[in-house]
Amino acid sequence: MTAESASSAAAPAPTDFIRDIVAQHVAEKRYPKIVTRFPPEPNGYLHIGHAKSIFLNFGIALEQGGVCNLRFDDTNPAKEDVAYVESITADIRWLIAGWADHCLGFKPKGAHPSAQTVNGKPDLYLGPAPANDAAEAFYASDYFDALHAYAIELIKRGKAYVCDLSPKETEEYRGAPDQPGKDSPFRNRTISDNLDLFTRMTAGEFPDGARSLRAKIDMTSPNMWLRDPLLYRIRHIPHYHAGDKWCVYPLYDYAHCLSDYIEGISHSLCSLEFVPHRALYDWVLEALDLPRALPRQYEFAKLLPSYTLLSKRNIIRLVNEKVVNGWDDPRLPTIAGLRRRGITASALRKFVIGVGVTTYNSLIDIAVFEHAVREELNTTAARRLAVLRPLKLILTNIAPDETVACTATNNPQDEQPTTRPVALTREVFIETDDFAEVPPPKYFRLKPGGEVRLKYACIIKCDEIVKDASGAIIEIRCTAQLDTRSGQPNADKKVKGTIHWVSATQSVAAEVRLYDRLFTVPEPGNEEDFMKVLNPHSLEILTARLEPSLAGASAGECFQFERTGYFTVDAKDSTAGKPGFNRTISLKDTWTK
RNA sequence: UGCUCGAUGGUGUAAUGGUAGCACAAACGACUCUGACUCGUUUUGUCUAGGUUCGAGUCCUAGUCGGGCAGCCA
């Protein structure tokens with residue numbers, strides 16, 4: 001058993017109102033199997049908000065012995081692209097790896113819904129298959145034939161009609177939330193006229209927007225989505241997945257519920273803005289008199305962390321205006337960005353599960369997320385010595401060619417901590433912040449005449465400050481108390497401060513990028529212009545000095561640089577033998593000057 | 001001036017008519033060869049007004065405040 005599965009087994013199973021409903025349905029055997037789905041539109045990258053939905057949907061599948069289908073909700077050919085199906089698939093696999101891999105519902109490659117008879121009624125079905133090399137994600141666009149057939153059925157039942165109103169006229173006829181709409185003049189066409197017109201729409205006889213297929217429900221309904229919503233629109237554009245077969249494309253409300261039904265979805269979970277759509281979701285399924293148990297839609301609140309922006313439109317603006325370097329910039333809340341930042345999928349999952357699932361639109365303090373990240377990295381990240389802003393320090397009683405062997409602990413959190421050798425030499429670097437010529441009150445670090453411990457080495461005493469002509473400090477000269485090293489007679493000598501260091505001669509230089517929150521206010525989305533509240537210090541690039549072993553670190557490895565923070569080797573900004581480090585998160589700092 | 005959903009410490013979330021709890025944050029303290037971690041202590045809460053009940057965060061009524069709804073987007 002891996003540490004991962006051991007810890008998830010130990011964690012209490014989350015409960016929330018949706019899981020309660022699912023559990024009840026399981027108890028009453030309403031569905032043959034619990035099948036959820038994650039239905040992204042392939043028109044952008046996944047972000048932390050999607051992670052909430054992913055962990056909920058896969059979590060329920062995992063807990064109930066079910067599956068969660070990955071389905072691309074690709075009914076709008078104008079917006080979608082294969083590049084996004086690839087990034088989304090990779091992000092999801094990364095998010096569920098080692099946790100719910102076996103719950104990922106794929107379908108046999110190229111499979112389409114197949115006709116079957118259930119309870120004497122015709123039916124269309126396409127169930128999940130194990131996610132292997134011979135399988136692929138589901139695509140709503142694979143159901144275009146099925147959806148078209150269902151549309152014809154709706155027409156035959158007198159529940160749908162072809163409308164010739166222009167988009168503008170359709171809007172006018174729809175009325176307003178506090179004002180009823182009025183019937184389209186085309187609402188009462190005969191079934192045969194509707195059938196003929198829909199066939200001709202499908203054949204490409206009419207230009208974009210000239211006609212539409214509409215559900216015949218109620219133009220006076222207080223629910224705007226029941227005022228004869230559009231089912232199909234004409235779009236003379238090829239589809240990235242379905243090719244150029246179609247010039248009519250179904251709309252979300254019509255395609256989604258039927259896609260769920262076709263896949264045998266039991267619980268269709270979405271965010272709160274779809275509450276008014278639920279009546280339409282149910283209407284379509286009920287209008288078709290389908291033979292299998294119907295899926296039901298349940299809504300929950302989106303995840304909204306503070307100090308960031310989640311909407312696609314806003315993220316696009318940050319990318320386009322070069323505030324960040326692409327969709328996977330580590331400052332972005334995209335899954336790709338978080339991964340580069342060094343956030344782990346399990347930390348993300350613990351955070352999301354901790355937040356819970358409710359119907360209240362809340363703002364979650366980003367500190368909760370940061371805590372989840374630190375909590376995990378504290379137990380998993382190997383400690384290393386790294387000086388971010390080097391200040392030279394000379395140990396005057398160590399000879400230039402002398403090396404004092406010291407031993408450092410790799411991770412004190414381990415039950416059986418391992419160690420590694422570190423070399424103390426005459427010239428070392430310490431952190432610029434760890435020396436103060438005029439120390440503030442309660443300053444525990446190095447000061448003139450003061451003593452401090454070099455971690456894993458010995459206590460040193462500051463004898464002299466060397467400045468250049470301009471008065472800037474260029475080096476500190478100290479005496480090393482070598483008998484205070486571990487195992488030496490005075491090893492137990494106490495000093496208030498312990499600082500990190502690296503040998504000046506036995507260390508390597510490397511680029512380190514310090515990432516921080518992108519915005520200075522908790523809710524940048526509420527600003528008149530979020531560009532005005534950008535954090536100017538969201539990225540600082542430094543040349544740091546690292547322990548030599550760090551030169552061989554490979555992409556994705558996570559370390560704690562002692563006393564500064566958690567860092568990971570960036571897959572993008574590193575070259576062979578020359579790793580670049582991203583700061584995932586700083587260590588908590590209760591000493592604020 | 002329509003319909004609909006919601007409201008528990010600073011933030012998030014439990015309590016399904018019976019002791020308002022947990023996490024984060026904050027403050028203080030202990031420990032410390034990481035001002036980290038860990039541990040301890042503390043501060044702060046049921047939107048308002050009525051009603052039902054032996055008993056209400058929970059049920060009912062009204063109000064207040066907030067979200068959502070008029071894409072041929074999803």
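Labels below follow one simple rule: chain letters A, B, ... track the order of the sequence lines, proteins then strands, and each chain is numbered from 1.
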Exercise for the section: Would you say whether Phe444(A) stacks on G35(B)? The test is a distance between ring centres of less than 5.5 Å and an angle between planes of less than 30°. Expected result: yes
Practice task
Establish, with yes or no, whether the OP1 or OP2 oxygen of A74(B) is under 4.0 angstrom from a side-chain nitrogen or oxygen of Arg71(A).
Solution key: no
Handout entry: G12(B) and G55(B), which share atom name P, separated by this distance in whole Å
Key = 33 Å
Practice task
Ignoring backbone atoms, test whether Arg383(A) places a side-chain nitrogen or oxygen under 4.0 Å from the OP1 or OP2 oxygen of U34(B).
Solution key: no
Handout entry: Selected nucleotide, minimal atom distance to Lys588(A) side chain, candidates A26(B), C24(B), A74(B)
Key = A26(B)
Fill in the blank from the handout: From the candidates U34(B), U11(B), G6(B), the one with an atom nearest any side-chain atom of Asp365(A) is U11(B)
Problem - Stacked cation flag Arg545(A) on Phe429(A), 6.0 angstrom / 45 deg - result: no
Practice task
When you get a sec, tell me which of C33(B), A74(B), A14(B) is the closest nucleotide to the side chain of Thr358(A)?
Solution key: A14(B)
Problem - Whole-angstrom distance between U11(B) and C72(B), as gauged at atom C1' - result: 41 Å
Problem - Pro417(A) to Thr409(A) - nearest heavy-atom pair and separation - result: CB-CG2, 3.8 Å
Exercise for the section: Taking atom P in both U41(B) and G21(B), compute the distance separating them and give it to the nearest angstrom. Expected result: 15 Å
Exercise for the section: Determine the interatomic distance between C1' on U8(B) and the same-named atom on G57(B); round to the nearest Å. Expected result: 6 Å
Problem - OP1 or OP2 of C72(B) under 4.0 Å from side-chain N/O of Arg174(A) - result: yes
Problem - U4(B) phosphate, OP1 or OP2, under 4.0 Å from Arg278(A) side-chain N/O - result: no
Problem - Rounded distance (Å) that lies between atom P of C72(B) and atom CG of Leu213(A) - result: 14 Å
Practice task
Tell me whether the OP1 or OP2 atom of C33(B) has a side-chain N or O from Arg445(A) closer than 4.0 Å.
Solution key: no
Practice task
Answer yes or no as to whether G35(B) has its base stacked against Trp591(A), where stacking requires a ring-centre separation under 5.5 angstrom and planes under 30 degrees apart.
Solution key: yes
Handout entry: Chi-angle category of G51(B) [syn within 90° of 0, anti beyond]
Key = anti
Handout entry: Cation over ring face, Arg384(A) and Phe559(A), 6.0 Å, 45°
Key = no
Handout entry: SB check Arg189(A) Asp164(A) (cutoff 4.0 Å)
Key = yes
Practice task
Select one nucleotide: of U16(B), A74(B), A7(B), the one nearest the side-chain heavy atoms of Asp20(A).
Solution key: U16(B)
Handout entry: Cationic N near anionic O, under 4.0 Å, Arg296(A) to Asp282(A)
Key = yes
Exercise for the section: Verify the contact: side-chain N or O of Thr379(A) to OP1 or OP2 of C37(B), cut-off strictly under 4.0 Å; return yes or no. Expected result: no
Exercise for the section: For A20(B) and U58(B), measure between their C1' atoms and round to the nearest Å. Expected result: 12 Å
Handout entry: Rounded interatomic separation in angstrom, taking CG from Leu226(A) and P from G68(B)
Key = 21 Å
Exercise for the section: Taking atom P in both U53(B) and U48(B), compute the distance separating them and give it to the nearest angstrom. Expected result: 23 Å
Exercise for the section: Decide yes or no, distance alone: a donor-acceptor N/O pair under 3.5 angstrom between the base of C37(B) and the side-chain of Arg374(A). Expected result: no
Exercise for the section: In whole angstrom, give the distance that lies between atom OH of Tyr252(A) and atom P of C72(B). Expected result: 15 Å
Exercise for the section: Measure from the side chain of Tyr360(A), starting at C-beta and using heavy atoms only, and say which of A70(B), C73(B), G12(B) lies closest. Expected result: G12(B)
